[in-house]
Amino acid sequence: MRFQTLKGFNDILPDDFRYWRFVLSKATELTDRFGFMQIDPPILEETRLFLRGLQEGSAVVLDKELYSFDDHDGTNISLRPEFTAGVMRAYVENGLHTYPKPVRLFSIGPLFRHEKPQAGRFRQHVQLNAELLGEEDAAADLEIMQLAYSLYHELGFQGLTFQLNSIGCSQCRPPYIQALVDYFQVHYSALPAVDQRRLRVNPLRVLDTKEKATRALLADAPRSIDYLCADCAQHFQTLTGYLGDLDFAYEVNPRLVRGFDYYVRTVFEVWGSELGAQNALCGGGRYDGLVESVGGPPTPGVGVGIGIERIVLSLRAQGIEPPALAHPQFMTLHRGAAAKKKAVQITHQLRQAGMPATMPFGSRSLKSQLKAANRSHVHYALILGEDELAQGIVTVRDMTTGEQSEVTLADIVSWAQAHWPPPTDA
RNA sequence: GUGACCAUAGCUCAAUAGGUAGAGCACCUGGUUGUGGCCCAGGAGGUUUCGGGUUCAAAUCCCGAUGGUCACCCCA
C-alpha cells in the first residue's frame with residue numbers, strides 16, 4: 001500500500017528549503033528590525049471564532065472552505081483558515097492590550113482552506129502574518145506596507161506592484177455600496193450570472209470581477225475613494241502622502257477589494273506576474289473593529305498576510321537564486337577499527353565545538369568514502385588511517401582543490417575552527 | 001462546487017497501425033593493495049495511477065474512480 005499527500009497538500013522537500021530558509025530568515029530578520037513580537041496561536045480553534053471574524057460574505061464561510069469537525073466533547077473546532085481571528089483572540093484572552101501601544105505582533109505558520117488547488121493555491125499554505133494593534137495613525141498602515149515591501153525588495157524581486165485602495169468605514173461605506181448597487185441595477189440584465197449573484201451577496205466583489213462585460217461598465221462605476229467621509233479621506237490622503245515621500249511605488253486601484261469583510265479604510269495587495277490567476281503575493285488592510293468583535297476593548301489595527309509558497313514560486317520564476325544551504329564542512333574518513341574509533345571522537349569534538357561534521361558509517365574503502373564526501377559537498381575530508389594513527393596526525397584534504405596537508409591530532413579541532421567557514425573563492 | 005487538458009522508473013520523456021515496456025539524469029557496485037570529481041562496465045528500480053470493459057492479445061481503445069495541471073468561484 002502506497003500513500004500520497006492529500007489533494008492540495010504538498011511536501012516541502014530538502015531542495016525547496018533552499019528557498020524557504022532564504023525567505024523565512026529574511027522575514028524574521030525584518031520583523032525584528034521593525035520591532036514585531038512573535039505570537040503563535042494554535043492551529044485549531046473553536047469554529048465560532050473564525051465564523052465571527054469572517055461574516056457571511058466571505059467564501060471561507062460561503063463555500064464551506066473551513067476544515068471543521070467535532071472534538072470528543074462535541075465542540076465544533078476548525079483548522080484556522082487565517083491568522084487574524086486567532087491572534088485577536090489571544091490578544092484579548094492574554095490581556096496583550098496592556099502592553100505598551102502599539103502592539104506589533106507577527107506569526108508564521110500553516111493555514112488551511114478546503115479549496116480546489118490551482119497555480120499558487122493550496123489547501124495548506126504558510127503565511128507570515130503581521131498585525132499592528134492599538135494605533136489608528138495612517139503611519140501604522142504605512143509601516144505594515146513597508147514591512148511587506150522590504151521583504152520583497154530585499155529578497156530581490158523585480159516588477160512587483162503595490163495596489164492600494166480605501167473602502168471607507170461603517171459611516172461612508174454603506175452609502176457607497178448603495179451607489180454601487182444602484183449603478184449596476186440599471187445594467188442588471190446585462191450582467192453575467194456571476195456578477196448578478198455578487199451584486200446580491202457581496203456587491204464590492206463586483207469590482208474585481210473578471211467578466212469582460214462587467215469590466216466595461218466599471219469604468220464609469222462609482223469609486224469608493226470618492227465616497228469617503230472626511231476622516232477616511234484624511235486618513236487615505238495622509239497615507240498616500242507618506243508613500244509619496246518614501247518614493248514608494250504604488251497605484252491607487254479603485255477596484256481593489258478584499259476577501260475578508262472586516263477591513264475598513266486601507267486595503268492593499270502586492271501583485272506579481274508569475275503566479276497565473278493567483279497573482280496576489282500578499283494582502284492586507286485596516287480592521288478597526290475586529291478586537292471588539294471578539295470581546296476586547298475597541299482597538300484599531302492594521303495587518304497583512306504574506307503567502308510564503310507564492311513567494312517561493314515567484315523567486316523560482318524570476319530566477320532568483322537563494323544562498324546554498326549549509327552542508328557538512330568536515331567529514332572524518334577512517335581506515336581500520338582503531339582509526340574509526342578515533343574518527344568517532346574527532347567528529348564529536350568538532351560538533352561540540354560548533355562545526356558541522358559527519359563521518360561515513362561502516363568500513364568502506366577510502367575511495368568510496370571520498371566519493372561520499374564529494375557527493376555531500378564536504379569542504380574538508382579529514383583522513384585518518386593506520387599511518388596517521390601511528391604518527392598522531394590527520395591528513396586534511398581540501399575537496400575543492402585536492403590539496404592535502406597534515407595536522408596533528410591534538411590540533412585538529414583548532415585547525416578546523418580556523419578553516420570554518422572556509423575562505424570564499426575569489 | 002463548475003469546466004478543460006493530462007497520468008509510463010525517484011526526475012524528464014520514448015514505445016512503429018492494439019502484440020505483456022526503454023533511454024537520459026539520479027541512485028548502488030566495480031575498474032585490485034590508502035584518494036573523490038571525468039570516463040568505462042555492471043546493477044537495482046515499473047502489477048504502465050487504480051477498477052472494470054472490448055479483444056486471441058491493451059501502456060495504447062471504451063467507461064468509471066482517484067490524482068495532477070490550468071481556469072472559474074474565491075483567495076496568500
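Values below: every heavy atom of this structure, side chains too, minus hydrogens, waters and symmetry copies. Labels below follow one simple rule: chain letters A, B, ... track the order of the sequence lines, proteins then strands, and each chain is numbered from 1.
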Any N or O donor-acceptor pair linking the side chain of A:R121 to the base of B:A76 at under 3.5 Å? no
It should be established whether A:K367 places a side-chain nitrogen or oxygen under 4.0 Å from OP1 or OP2 of nucleotide B:G36. yes
Whole-Å distance between B:A76 P and A:L256 CG? 11 Å
Would you kindly give the CZ-to-P distance between A:R364 and B:C28, to the nearest whole Å? 8 Å
Verify the ring-centre separation between A:Y227 and A:Y176: is it less than 6.0 angstrom? yes
My understanding is that a pair needs two contacts under 3.5 Å, Watson-Crick or G-U wobble. By that rule, which nucleotide pairs with B:U8? none
B:U8 and B:G3: how far apart are their P atoms, nearest whole angstrom? 24 Å
Measure from the side-chain N and O atoms of A:R197 to the backbone N and O of A:P192, and report whether any donor-acceptor pair falls under 3.5 Å. no
Using a 3.5 Å distance criterion without hydrogens, assess whether the side chain of A:Q318 forms a donor-acceptor pair with backbone atoms of A:Q158. yes
How far does the P atom of B:U47 sit from the matching atom of B:G10, given to the nearest Å? 9 Å
Taking B:U2, B:G34, B:A76 as options, the one with an atom nearest any side-chain atom of A:K116 is B:U2
Checking B:C28, B:G34, B:C73 against the side chain of A:R375 (C-beta onward), the nearest is B:C28
Regarding A:Q369, tell me which of base, sugar-phosphate or nothing describes its non-hydrogen contacts under 4.0 Å with the strands shown. nothing
Is there a donor and acceptor pair, one atom on the side chain of A:E211 and one on the base of B:C72, closer than 3.5 Å? no
Taking the same atom, P, in B:G1 and in B:U20, what whole-Å distance lies between them? 41 Å
Starting at the 5' end of RNA chain B, which residue's closest nucleotide do you reach first, A:G305 or A:A119? A:A119
Write down the distance between CZ (A:R335) and C1' (B:U33), rounded to a whole number of angstrom. 9 Å
Expected output: side-chain A:S107 to main-chain A:I39 donor-acceptor under 3.5 Å: yes
Under 3.5 Å: donor-acceptor pair, side chain of A:H419, backbone of A:W415: yes
Whole-Å gap separating P (B:U66) and CZ (A:F3): 18 Å
Has the side chain of A:R397 got a donor or acceptor atom sitting under 3.5 Å from an opposite partner on the base of B:G36? yes
A:N374 CG - B:C27 P separation (whole Å): 10 Å
Answer yes or no: does a side-chain N or O of A:K371 lie under 4.0 Å from OP1 or OP2 of B:U35? no
Rounded off to whole Å, could you give me the CG-to-P distance for the A:L382 and B:U35 pair? 18 Å
Could you identify the nucleotide paired to B:G46, looking across every strand shown and requiring Watson-Crick or G-U wobble geometry with both distances under 3.5 Å? none
Take the protein atom CG of A:L333 and the nucleotide atom P of B:G34, then report the distance between them rounded to whole Å. 14 Å
By nearest nucleotide on RNA chain B, pick out whichever of A:C282 and A:T395 is the more 5' one. A:T395
If we take the C1' atom in both B:G67 and B:U49, what is their distance in whole Å? 7 Å
Is there a donor-acceptor contact under 3.5 Å from the side chain of A:N129 to the main chain of A:F83? no
Contacting residues from residues 7-27 of chain A, given that a heavy atom lies under 4.0 angstrom of RNA chain B: A:K7, A:G8
Looking at A:E135 and A:D137, would you say the former's side chain and the latter's main chain have a donor-acceptor pair under 3.5 Å? yes
Could you tell me the separation between the CD atom of A:Q278 and the P atom of B:C72, rounded to a whole number of Å? 7 Å
Is the phosphate of B:C73, meaning OP1 or OP2, less than 4.0 Å from a side-chain N or O of A:R197? no
Would you tell me whether A:Q404 and A:T395 have side-chain atoms, one donor and one acceptor, within less than 3.5 Å of each other? no
Suppose you measure atom P in B:U60 against the same atom in B:G51; what distance do you get, rounded to whole Å? 13 Å
Given the structure, check if the side chain of A:Q4 and the base of B:G68 hold any donor-acceptor pair shorter than 3.5 Å. no
For B:C73, give its Watson-Crick or G-U wobble partner with both distances under 3.5 Å, or none. none
